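Comments concern the structure below.
Start at 1 and go down the list; that is how both ligands and their atoms are numbered. Everything numeric here is computed off the predicted structure, so don't read it as measured data.
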Amino acid sequence: MVLKVLVLCLLCSAFADVLAALPASVLATEAQGCCNALDNELHRVIRPGTQYDAANVRWSVTAMLHPTCIAQPTDTAEVAQAVKILTAAACPFAVKSGGHTPTPGANDINHGVTVDLRYINQTTLSADRGSVTLGVGSTWLNAYTNLNDTGVAFPGGRYGLVGVGGITLGGGLSFFSPKVGWVADNVVEFEVVLASGEVVNASSASHSDLFRALKGGSGNFGIVTRVEIRTFVSDGRVWGGSVAYPCTDNTTGLVLSAVNNFTTNNHLDQDAAFNSNFIYNTTTGTKEIANTLFYAKDVADRPIFNEAQSIQPQLANTAASTTIVELAADTASLPYGYRYLGATVTFKNTLKALTTAQRITDAVFQTVSNVTDLQFTFVYEPIPRLYTQHSLAQGGNVLGLDDTVEDLISAFASWAGQMEEAMSSIGAYERFTYLNYAASSQNPLASYGDANVRFLEHVATRYDPEGVFQTLVPGGFKISKVG
Ligand SMILES: Cc1cc2nc3c(=O)[nH]c(=O)nc-3n(C[C@H](O)[C@H](O)[C@H](O)COP(=O)(O)OP(=O)(O)OC[C@H]3O[C@@H](n4cnc5c(N)ncnc54)[C@H](O)[C@@H]3O)c2cc1C
Ligand SMILES: *[C@@H]1O[C@H](CO)[C@@H](O)[C@H](O)[C@H]1NC(C)=O
Ligand SMILES: *[C@@H]1O[C@H](CO)[C@@H](O)[C@H](O)[C@H]1NC(C)=O
Ligand SMILES: *[C@@H]1O[C@H](CO)[C@@H](O)[C@H](O)[C@H]1NC(C)=O
Ligand SMILES: *[C@@H]1O[C@H](CO)[C@@H](O)[C@H](O)[C@H]1NC(C)=O
Ligand SMILES: *[C@@H]1O[C@H](CO)[C@@H](O)[C@H](O)[C@H]1NC(C)=O
Ligand SMILES: *[C@@H]1O[C@H](CO)[C@@H](O)[C@H](O)[C@H]1NC(C)=O
Ligand SMILES: *[C@@H]1O[C@H](CO)[C@@H](O)[C@H](O)[C@H]1NC(C)=O
């Protein structure tokens with residue numbers, strides 16, 4: 001069971017100036033020379049001005065830095081050119097696909113070059129319809145829309161504006177995870193621009209070590225430009241939506257039981273997916289629970305959801321016949337323009353662990369409940385054993401948050417410590433830290449276990465002997481910093 005905490009705030013005093021405490025490597029020297037060289041080779045290089053501000057928008061305001069220029073390659077050859085120029089001149093750079101990581105420095109940079117992959121966004125169905133090829137800069141909504149009505153479906157992000165690149169390289173939880181596992185497990189081939197500027201295709205048949213490393217290893221080995229994802233037959237119709245309840249002791253108990261029971265039984269019905277969101281708003285003082293229900297086929301009989309559907313009272317129930325396109329287009333709940341902080345822990349699926357997590361998280365919320373304009377969300381997300389069959393990582397947890405956010409940090413540091421201690425004491429502790437939900441102070445790569453860490457180090461050294469993606473690209477989780 002993964003528990004993710006996400007805090008959203010507009011003009012919140014608890015959020016210190018995130019730029020103040022950036023690591024020195026992000027504040028590198030000016031990169032004007034690199035930008036000039038890029039100008040000569042690429043169609044689109046953007047410098048400060050109106051286009052720049054639009055290009056530099058990120059989902060979370062915390063992630064918006066001030067690059068010297070923004071390079072927007074339009075094909076793989078331009079990405080390779082850009083990497084050659086940046087490496088030759090030792091210019092610090094950042095890599096951005098969908099830009100949804102809130103951590104400053106992960107997808108943007110000060111006084112360096114941001115490589116923005118938004119135009120690497122082709123969405124192509126193979127002739128035999130067995131796979132789709134997606135440019136990493138595509139959003140999932142764009143991919144689902146372009147490939148709707150093709151008679152096949154494929155796993156990807158649930159919220160349409162997130163990027164193909166980040167989700168896939170970090171693992172990728174999907175509406176179809178119970179059916180086909182992590183998004184990365186469905187990749188047939190990655191196209192990668194290595195630090196040398198060489199382009200390689202990594203698959204089980206070619207560069208198989210790189211192929212495996214990219215399924216969870218994030219940006220440690222090169223810039224991925226293209227992912228080919230296996231499809232499965234689907235008529236395009238699914239069922240799903242959200243059921244909202246007021247959050248009371250009664251509904252909380254019933255929902256946690258439903259989360260627990262669903263996770264235990266998910267393997268019996270792999271078309272079904274479920275997660276549970278607790279949403280607290282300090283402005284209104286309201287607390288709600290919104291369960292997300294999903295079924296991969298539009299059929300009338302879905303007994304696995306009877307338990308969640310029977311919980312009363314309900315504030316809203318939008319579950320209905322729909323499509324992935326419509327579900328992914330529903331992005332209102334986590335809008336652009338706010339400051340976000342997130343962190344994650346993983347623990348075993350027992351009712352005792354769930355109620356312990358709830359108790360600790362509620363208590364931590366109390367310590368920040370006097371901060372105005374805060375939305376404190378936490379999500380229980382099943383990772384039943386059937387995902388783990390496909391999974392890259394073996395369990396683990398540690399919590400942290402962007403350490404520039406003092407009030408919240410201390411609250412969350414206490415959450416982490418308490419969660420770890422409590423889960424250990426009841427035998428529910430898991431080491432896994434899901435990279436795509438992790439705070440910058442967490443160490444998700446280390447949570448993959450020693451053998452995988454050594455493997456990732458080996459692959460990084462083999463494909464990037466100079467360590468370009470360890471040092472010249474300072475953002476993101478680095479295999480060289482696992483410790
Ligand atoms: C609203 C919201 C909904 C989400 N929903 C889901 C979900 O349904 N399932 C899920 O698993 N996760 C989900 N996440 C988490 C998500 O997986 C991560 O935030 C992910 O990193 C976002 O990918 P991106 O391409 O948008 O981000 P970016 O910030 O652009 O990239 C993330 C990191 O990966 C690196 N990177 C990105 N692309 C490349 C590339 N092509 N080559 C090399 N390195 C690269 C970047 O440098 C950066 O460090 C969600 C996040 C948000 C904010
Ligand atoms: C790629 O993105 C551009 C700019 O957002 C958009 O105009 C174009 O339609 C997208 N291409 C595809 C194939 O979706
Ligand atoms: C997607 O395809 C489905 C199934 O054919 C159809 O019902 C739906 O209207 C399509 N949606 C869009 C946005 O094209
Ligand atoms: C990688 O695969 C693509 C698609 O099959 C192909 O067009 C490209 O030439 C390949 N690149 C290399 C370096 O083999
Ligand atoms: C919750 O409320 C329902 C109906 O209001 C009631 O039947 C049930 O016994 C309550 N459950 C608990 C655990 O309090
Ligand atoms: C738990 O889930 C199983 C399988 O879906 C179901 O048969 C059972 O009724 C559920 N338990 C409760 C208390 O609803
Ligand atoms: C909230 O209350 C805590 C003590 O419970 C206090 O330390 C903190 O300063 C308060 N924060 C705000 C914004 O009022
Ligand atoms: C809290 O709720 C109010 C009223 O619905 C809403 O305007 C506000 O945006 C919410 N706060 C956050 C941080 O979402």
Provide the number and element of each atom of ligand 1 under 4.0 Å from a heavy atom of [X].
X    : value
V136 : 41 (N)
A106 : 46 (C), 47 (O), 48 (C), 49 (O)
G172 : 11 (O)
L169 : 39 (C), 40 (C), 42 (N), 43 (C), 44 (N), 45 (C)
L334 : 1 (C)
L117 : 41 (N)
G222 : 42 (N), 43 (C)
N107 : 29 (O)

[X]-[Y] aromatic ring centre distance below 6.0 Å:
X    : Y    : answer
F232 : F176 : yes
H100 : Y336 : yes
Y463 : F469 : no

Counting non-hydrogen protein atoms only, what is the nearest one to [atom]? Give residue, atom name and distance.
atom                    : answer
atom 27 (O) of ligand 1 : H100 N, 3.3 Å
atom 23 (O) of ligand 1 : G166 CA, 3.2 Å
atom 42 (N) of ligand 1 : V224 N, 3.1 Å
atom 44 (N) of ligand 1 : G219 CA, 3.5 Å
atom 9 (N) of ligand 1  : L173 O, 2.7 Å

Legend entry - Parallel, tilted or perpendicular, as decided by the 30° and 60° cut-offs, for the rings of F175 and F294: parallel

Close N/O pairs between ligand 2 and protein, under 3.5 Å:
unit_1, atom_1, unit_2, atom_2, d
ligand 2, 2 (O), N121, ND2, 2.2
ligand 2, 11 (N), N121, ND2, 3.1
ligand 2, 14 (O), N142, OD1, 3.1
ligand 2, 14 (O), N142, ND2, 2.8
ligand 2, 14 (O), N146, ND2, 3.0

Could you tell me whether [X] approaches ligand 1 through its side chain, its backbone, both or neither, with non-hydrogen atoms closer than 4.0 Å?
X    : answer
Y340 : neither
N436 : both
Y437 : side chain

My understanding is that we take every heavy atom of each candidate and find the minimum distance to [atom]. Doing that for [options], which one comes out nearest?
atom                    : options                : result
atom 47 (O) of ligand 1 : V164, V95, V193        : V95
atom 25 (O) of ligand 1 : G105, G98, G99, G160   : G98
atom 32 (C) of ligand 1 : T101, V183, V473, T225 : T101
atom 6 (C) of ligand 1  : I167, T103, V162       : I167
atom 38 (N) of ligand 1 : A438, S97, G342        : S97

Going by an N to O cut-off under 4.0 Å, is there a salt bridge joining [X] and [Y]?
X    : Y    : answer
R158 : E381 : yes
K96  : D108 : no
R226 : E189 : yes

Ligand 1 and [X], any nitrogen or oxygen pair closer than 3.5 angstrom?
X    : result
R158 : yes
G163 : yes
Y434 : yes
Y159 : no
G165 : no
K96  : no
S174 : no

Legend entry - Flag for S206-N201: side-chain donor and acceptor within less than 3.5 Å: no

Legend entry - Six-ring centre of W239, R302 cation under 6.0 angstrom, axis tolerance 45°: yes

Donor-acceptor pair, [X] side chain versus [Y] backbone, under 3.5 Å?
X    : Y    : value
S234 : G236 : yes
S447 : T433 : yes
T251 : T248 : yes
T231 : R129 : yes
N110 : H66  : yes
Y434 : K4   : no

Inset, instruction - May I ask you to test the V132-S126 pair for a side-chain heavy-atom distance under 4.5 Å? - result: no

Inset, instruction - With sequence neighbours excluded, tell me which residues meet side chain to side chain donor-acceptor pair (under 3.5 Å) with N317. - result: Q309, Q314

Inset, instruction - Show your reasoning for whether ring pair (Phe, Tyr, Trp, His ring centres under 6.0 Å) applies to Y144 and F154. - result: CA-CA 9 Å; Y144 298 146; F154 53 92; 5.6 Å; yes

Legend entry - SG-SG distance C91 to C34 under 2.5 Å: yes

Inset, instruction - Check each of N291, T263, N266 against F274 using the side chain to side chain contact (heavy atoms under 4.5 Å, CB included) test, and report the only one that passes. - result: N291

Inset, instruction - Identify, by atom number and element, the atoms of ligand 6 in contact range of N261, meaning under 4.0 Å from any of its heavy atoms. - result: 1 (C), 2 (O), 3 (C), 8 (C), 10 (C), 11 (N), 12 (C)

